[in-house]
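Just so it is clear: chains get the letters A, B, ... in the order the sequence lines come, proteins before strands, and each one is counted from 1. Quantities reported herein were computed from a predicted structural model and do not represent experimental measurements.
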There are 2 protein chains.
Amino acid sequence: MRMQKQTETTELINTKRNFKWDEPTVKSIIRDMGLKVTQQRMIILKCLLSGRDHITAQELFEAVIKKDPSLGFATVYRFLKQLTEQDLVTEVRMGGLPARYEWAKKKKHHDHLTCKQCGAICEFENQQIELLQKQIAKNFGYILTGHILELYGLCPSCQKEEGLLPIGDT
Amino acid sequence: MRMQKQTETTELINTKRNFKWDEPTVKSIIRDMGLKVTQQRMIILKCLLSGRDHITAQELFEAVIKKDPSLGFATVYRFLKQLTEQDLVTEVRMGGLPARYEWAKKKKHHDHLTCKQCGAICEFENQQIELLQKQIAKNFGYILTGHILELYGLCPSCQKEEGLLPIGDT
DNA sequence: AGGTAAATGAGAATCATTTTTATTTAGATT
DNA sequence: AATCTAAATAAAAATGATTCTCATTTACCT
Ligand SMILES: [Mn+2]
Ligand SMILES: [Mn+2]
Ligand SMILES: [Zn+2]
Ligand SMILES: [Zn+2]
């Protein structure tokens, strides 16, 4: 979660939460999905909306059981899947690691640059790359329906503290 | 596995097997890895080298037990991991699906364009994208160490036969 | 041929995710 | 407000890919 200057075509993504997630708003998100408004869904959604970006199902579950220890993790997975299917959250999968989720609504498409050392994630979008991808698909006669672009590297602070820290968060 | 015209900066990758994988060659690959030359490693490697690209561990295992039904799948996984660690094979992971492996030696870096419908895979490399990736990382102050770029779409033949065929191979 | 570290097979373990099932509940309908 | 029913839940088992453990076997250096 560190940002710096950018080329004209690469833009940073607003990671801010500039909408109010009050009770009625959260309720109507669930209702608009065509689902019943349950206490567990309210809790899960609130935790998702107010928690960190790129959260894992496990992390979300841990946040959720602080509010209701009886809530099951299958419910978290189930609801996350529904949110993903309805494109309200984006599922980010890197390698064999657990999937990470982020609220997609009101946040445009973007890709990720992740620090291998500490896990810090930068979000970006580069129009030139997006365009080149379309051209490549076209050259092969394909209709492009999606893509995954994940960059991996060493973040500035991990470059200094060369080598020996635990894999942490954001 | 379908190829068409390309822009100057996007090149197709040779998917041909233009080297001879005779007994002594296969043996020395294993020996050069600093490993003992066992019958199971010979079999696994031969199957890998002569089989399809982007093979899964399971598929490789199935090919392997045709030559030696007693060979265990842990041995396949183990050896694949060692090959991956020594950069002799590349591990391609997409989403939560099983990893796929391909012989990396004598084949330059490339990315993949996969048909969502039938699984057909095109390989490409685009120098412009590679360059842009480096710039993006640099703009964030990161040192780029790797990337995953996977494009998804509908291949030409699946565009015709709209919709209803089983998920096949390559 | 003998010694030993490395390799193997079989199966258990792990880890993320999904499915199953019996029970509860939201919300529509009296 | 009481009743109904499809949908939702918790808990636990199942799944599927991959890794690990460990007792046994084997490659290869003397
Ligand atoms: Mn993101
Ligand atoms: Mn490939
Ligand atoms: Zn870092
Ligand atoms: Zn296809």
Side-chain angles (χ1 to χ4, degrees), chain A residues 23-24 26-45 47-48 54-62 64-86 89-101 167, chain B residues 23-24 26-45 47-48 54-62 64-86 89-101 167:
Chain A
E23 204 87 358
V26 172
K27 263 198 177 93
S28 63
I29 290 173
I30 300 171
R31 200 174 293 113
D32 291 352
M33 290 175 73
L35 301 174
K36 290 186 178 176
V37 178
T38 63
Q39 264 316 301
Q40 21 279 78
R41 281 175 179 156
M42 293 284 287
I43 290 171
I44 294 168
L45 192 43
C47 285
L48 182 63
H54 311 113
I55 198 169
T56 63
Q58 189 58 44
E59 287 165 353
L60 182 55
F61 172 64
E62 275 154 25
V64 146
I65 53 175
K66 281 178 189 159
K67 303 214 180 164
D68 177 356
S70 72
L71 209 157
F73 69 112
T75 305
V76 173
Y77 271 106
R78 237 178 336 228
F79 191 35
L80 273 178
K81 207 198 215 180
Q82 293 167 316
L83 286 161
T84 302
E85 282 162 358
Q86 307 214 11
V89 308
T90 306
E91 198 186 37
V92 185
R93 280 174 182 268
M94 354 202 244
L97 286 73
R100 293 185 172 271
Y101 301 85
I167 191 110
Chain B
E23 203 87 357
V26 172
K27 265 198 175 94
S28 63
I29 290 173
I30 300 172
R31 200 172 294 114
D32 291 351
M33 291 174 73
L35 301 174
K36 290 185 176 175
V37 178
T38 65
Q39 265 315 301
Q40 21 281 73
R41 280 174 179 157
M42 294 283 288
I43 291 171
I44 294 168
L45 193 42
C47 285
L48 182 64
H54 312 112
I55 198 168
T56 62
Q58 188 58 43
E59 286 164 353
L60 182 55
F61 172 65
E62 275 154 24
V64 146
I65 54 175
K66 281 178 190 159
K67 302 215 181 160
D68 177 357
S70 73
L71 209 156
F73 70 112
T75 305
V76 174
Y77 270 107
R78 238 179 332 230
F79 191 34
L80 273 178
K81 207 198 215 180
Q82 292 167 317
L83 287 161
T84 303
E85 281 162 358
Q86 307 214 11
V89 308
T90 306
E91 198 186 37
V92 185
R93 279 172 182 269
M94 354 202 244
L97 286 75
R100 295 186 171 271
Y101 300 86
I167 190 109

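Rounded to whole Å, atom C1' of C/dC15 lies 10 Å from atom CD of A/Gln58. The CE-P distance, from A/Met42 to C/dG27, rounds to 10 Å in whole Å. Atom CZ of A/Phe73 is separated from atom P of C/dT17 by 11 Å (rounded to the nearest Å). Note: CZ (B/Phe61) to C1' (C/dA10) measures 11 Å, nearest angstrom.
The CG atom of A/Leu97 sits 10.5 Å away from atom OG1 of A/Thr56, with the distance rounded to the nearest 0.5 Å. Rounding to the nearest 0.5 Å gives a distance of 10.0 Å between CG of B/Leu60 and CZ of B/Phe79. Atom CG of B/Leu45 sits about 8.0 Å away from atom CE of B/Met42, to the nearest 0.5 Å. In this structure, CD on B/Gln40 lies 13.5 Å from NZ on B/Lys67, to the nearest 0.5 angstrom. To the nearest 0.5 Å, atoms CZ (A/Phe73) and CD (A/Gln58) are separated by 8.0 Å.
Side-chain atoms of A/Thr75 and A/Arg78 include a donor-acceptor pair closer than 3.5 Å.
Using a 4.0 Å heavy-atom cutoff across all strands shown, B/Leu35 reaches sugar-phosphate atoms only and no base atom. Using a 4.0 Å heavy-atom cutoff across all strands shown, B/Arg41 reaches sugar-phosphate atoms only and no base atom. At the heavy-atom level, A/Leu71 lies under 4.0 Å from the strands shown only through sugar-phosphate atoms.
Mapping A/Ser70 and B/Thr56 onto DNA chain D by nearest heavy atom places A/Ser70 closer to the 5' end of the strand. Each of A/Leu97 and B/Asp68 was assigned the nucleotide of DNA chain C with the nearest heavy atom; the assignment lying further toward the 5' end belongs to B/Asp68.
Judged purely by atom type and a 3.5 angstrom limit, B/Arg41 uses its side chain to pair as donor or acceptor with the backbone of B/Lys36.
Contact check for B/Lys66 versus B/Glu62: no side-chain heavy atoms found under the 4.5 Å cut-off. Residues A/Glu59 and A/Arg100 are in side-chain contact: their nearest non-hydrogen atoms beyond the backbone lie under 4.5 Å apart.
Nearest to the side-chain atoms of B/Ala74 among the listed nucleotides C/dG11, C/dT18, C/dA16 stands C/dG11. Distance from the side chain of A/Tyr77 is smallest to C/dT17 among C/dG9, C/dT17, C/dG11.
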Listing time: all N or O pairs from protein to nucleotides 24-26 of chain C that are below 3.5 Å?
residue : atom : partner : partner atom : Å
C/dA26  : N3   : A/Lys36 : NZ           : 3.3

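Along DNA chain D, the stretch of nucleotides lying under 4.0 Å from any heavy atom of chain A spans, 5' to 3', D/dA6 to D/dA12.
Residue B/Arg78 places a side-chain atom within donor-acceptor reach of the base of C/dG9, judged by atom type and a 3.5 Å distance cut-off alone.
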